[in-house]
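This report refers to the structure that appears directly beneath it.
Predicted model only: the values in this text are computed from it and were never measured.
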Amino acid sequence: MNDFLMTIGGFAALASFIGFFIGLVRLIFVSEDKKTSLKIILYSVIGFVVGFGTCAANFSLGGMH
């Protein structure tokens with residue numbers, strides 16, 4: 001079960017990382033509406049913290065079970 005949660009947390013962190021850069025590019029180059037871009041960046045940071053925290057909490061070095 002820990003491997004499954006670690007995988008899901010890793011995917012959430014990766015998706016949030018990609019979302020952050022999409023929001024950043026949208027903020028700088030594309031959008032006239034800055035609020036939507038800032039919401040994307042904020043939600044991606046929150047998602048990254050949750051995903052990384054889930055991944056880190058379920059990580060084991062293999063020696064301890």
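Both Ile22 and Leu14 belong to a common hydrophobic cluster when Ile, Leu, Val, Met, Phe, Trp and Tyr are linked at side-chain heavy-atom distances under 4.5 angstrom. Linking Ile, Leu, Val, Met, Phe, Trp and Tyr whenever their side-chain heavy atoms come within less than 4.5 Å puts Leu24 and Val45 in one cluster. The same ILVMFWY cluster, assembled from side-chain heavy atoms under 4.5 Å apart, contains both Ile41 and Val25. Linking Ile, Leu, Val, Met, Phe, Trp and Tyr residues whenever their side-chain heavy atoms come within less than 4.5 Å places Leu38 and Phe17 in a single cluster. Hydrophobic clustering (side-chain heavy atoms under 4.5 Å, transitive across Ile, Leu, Val, Met, Phe, Trp, Tyr) keeps Ile28 apart from Ile40.
Note: Phe48 and Phe52 have parallel aromatic rings, judged against thresholds of 30 and 60 degrees for the angle between ring planes.
When the ring-ring contact (aromatic ring centres under 6.0 Å, His included) test is applied to Phe20, no partner is found at least two apart in sequence or on another chain. With sequence neighbours left out, the side chain to side chain contact (heavy atoms under 4.5 Å, CB included) criterion links Tyr43 to Lys39.
Scanning all heavy atoms of the two residues, the minimum distance from Ser37 to Gly23 falls at CB-O, 3.9 Å. Residues Lys34 and Leu27 come closest through the heavy atom pair NZ-O, 3.1 Å.
For the side-chain hydrogen bond (donor to acceptor under 3.5 Å, both in side chains) condition, no pair includes a residue of residues 9-24, sequence neighbours left out.
For Lys35, the NZ atom is loosely surrounded, since the number of other residues' heavy atoms within 6.0 Å does not exceed 12.
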